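Below: the structure, in structure tokens.
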Amino acid sequence: MVLAGAGLSAASGVPTFREAQSGLWARFRPEDLATPEAFRRDPQTVWRWYQWRRELVAGVEPNAAHTALARWQSRADLTIVTQNVDGLQQRAGGRVIEFHGNIFRDLCMAENRLLAPDEQVPGVPPRCRRCGAHVRPGVVWFGEAIDERDLREATHAAQRCAVFISVGTSSLVFPAAALAGSAVQHGATLIEINPHETPLSPTADYRFEAPAEQVLPALVARVASVQT
Ligand code: OAD
């Protein structure tokens, strides 16, 4: 099982969350924008921030780390759980549990249902054509619950995996950060791939202190050579 975080997409040019934000958004902290309270208080600012991130992500490509995972999954029983909302792993191929949602989805704030473009009245943010509530991005905000099915599937995978790889995540945001502990409790070997230490590092059986886009292609090639 692989649990991925923002570091997996860093080589594609998507800034990680706890990196300084650039340009216009430098004075905001994601923790102050990615909450239901922030959206209720200032829907325009939060919507514009997500539009900016959508445009950024739409303009980049999956990198060698995403491709390596997709290749691995095509020939092994590999569950990929990503905290990333950028959809890059899916574009590289493969099945992914999107633990924190997807930035390209639109939801009705009141009804919590997916909205197609023709179900929205344009605006900043748009409004739901049926009930008039604001449209919000289909991501999990701080303080919100993970989709029940995603949580169940990810927990089940953690409990039955032989190897748990935590890649490109600061291991600070729960419940995602708890999956590794659950895997270890059930006997899994823990591998961390991250150029920097995280709270998970001391418990890892193996640590690769290097970027995901270097480690994963090499690791996947090595596994393939051992298997054949
Ligand atoms: P963070 O920004 O917290 O952490 C990114 C991690 O990636 C850091 O530990 C970096 O050291 C590491 N990193 C940077 N470049 C890397 C590379 N090329 N290869 C490997 N690792 C690299 O991002 P997440 O842990 O994903 O939640 O953050 C978790 C959640 O917090 C996000 O999903 C988001 C955020 O706020 C929500 O939106 C709910």
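In this text, all values refer to a predicted model and were calculated from it rather than measured experimentally. For ligands, and for the atoms within them, numbers begin at 1 and follow the listed sequence.
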- Message: Show the atoms of ligand 1 that are less than 4.0 angstrom away from any heavy atom in Val140.
- Response: 37 (C), 38 (O), 39 (C)
- Would you mind checking which non-hydrogen protein atom is closest to atom 26 (O) of ligand 1, with the distance to 0.1 Å? Ala6 N, 2.7 Å
- Message: How long is the straight-line distance from OG1 of Thr79 back to CG of Leu3, given to the nearest 0.5 Å?
- Response: 11.5 Å
- Query: Just by modelled atom types, is the Ala6 backbone N or O under 3.5 Å from a matching donor or acceptor in the Ser9 side chain?
  - Reply: no
- Message: Here's one to test your reading of the geometry: is the NZ or CZ of Arg48 within 45 degrees of the ring axis of Trp52 and under 6.0 Å from its centre?
- Response: no
- Message: Let me confirm one number: the NE2-CZ distance from His66 to Arg91, rounded to the nearest 0.5 Å.
- Response: 9.5 Å
- Message: As a quick check of understanding, evaluate side-chain hydrogen bond (donor to acceptor under 3.5 Å, both in side chains) for Ser170 and His196, giving each step before the final call.
- Response: CA-CA 9 Å; Ser170 54; His196 302 288; over 6 Å; no
- Item | Donor-acceptor contact present, side-chain Thr203 to main-chain Leu200, <3.5 Å | yes
- Task: Please say whether Glu213 places an N or O atom under 3.5 Å from an N or O atom belonging to ligand 1.
- Result: yes
- Query: Nearest protein heavy-atom contact for atom 19 (N) of ligand 1: which residue, which atom, what distance?
  - Reply: Ala212 N, 2.8 Å
- Message: Tell me the protein heavy atom at minimum distance from atom 31 (O) of ligand 1, and give that distance in Å.
- Response: Val173 CG2, 3.2 Å
- Query: Do other residues, nucleotides or ligands put more than 12 heavy atoms under 6.0 Å from Arg129 CZ?
  - Reply: yes
- Query: Any idea which part of Thr169 is under 4.0 Å from ligand 1, heavy-atom wise: side chain, backbone, both or neither?
  - Reply: both
- Item | Shortest protein contact, atom 36 (O) of ligand 1 (heavy atom only) | Phe142 CZ, 2.9 Å
- Query: What is the nearest protein non-hydrogen atom to atom 14 (C) of ligand 1, stated with its residue, atom name and distance?
  - Reply: Gly7 CA, 3.9 Å
- Item | Spacing of NE2 belonging to His186 relative to CD belonging to Gln159, to within rounding of 0.5 Å | 4.0 Å
- Got the closest protein heavy atom to atom 2 (O) of ligand 1, with its distance? Phe17 N, 2.8 Å
- Query: Would Ala11 count as a contact of ligand 1 if the rule is a heavy atom under 4.0 Å away?
  - Reply: no
- Query: With atoms numbered from 1 as shown, which atoms in ligand 1 lie under 4.0 angstrom from a non-hydrogen atom of Pro211?
  - Reply: 17 (C), 18 (N), 19 (N)
- Task: Note the single closest protein heavy atom to atom 5 (C) of ligand 1, along with its residue, its atom name and the distance in Å.
- Result: Gly168 O, 3.6 Å
- Task: Check whether any N or O atom of Ile193, backbone or side chain, sits under 3.5 Å from an N or O atom of ligand 1, and answer yes or no.
- Result: no
- Query: Hey, which atoms in ligand 1 end up nearer than 4.0 Å to a heavy atom of Gly5?
  - Reply: 26 (O)
- Query: Polar-atom distance check: His196 versus ligand 1, any N or O pair below 3.5 Å?
  - Reply: no
- Query: For ligand 1, is there an N or O atom under 3.5 Å from any N or O atom of Ser170?
  - Reply: yes
- When you look for heavy atoms under 4.0 Å from ligand 1, do you find them on the side chain of Ala34, its backbone, both, or neither? neither
- Query: Among Arg136, Arg113, Gln120, which one satisfies side chain to side chain donor-acceptor pair (under 3.5 Å) with Asp106?
  - Reply: Gln120
- Polar proximity ligand 1 side, Gln83 side, N/O cut 3.5 Å exclusive: yes
- Distance, nearest 0.5 Å, that separates OG1 of Thr155 from CZ of Arg160: 12.5 Å
- How far is atom 28 (O) of ligand 1 from its nearest protein heavy atom, and which residue and atom is that? Arg18 NH1, 3.4 Å
- Item | Parallel, tilted or perpendicular: rings of Tyr50 and Trp141 (30°, 60°) | tilted
- From Leu8 atom CG to Thr82 atom OG1, the distance as rounded to the nearest 0.5 Å: 6.5 Å
- Heteroatom proximity flag, Asn194 to ligand 1, N/O under 3.5 Å: yes
- Message: Taking 4.0 Å as the limit for heavy-atom contacts, which would you say applies to His100 with ligand 1: side chain only, backbone only, both, or neither?
- Response: side chain
- Quick one: CG on Leu33 to CZ on Phe142, what's the gap to the nearest 0.5 Å? 10.5 Å
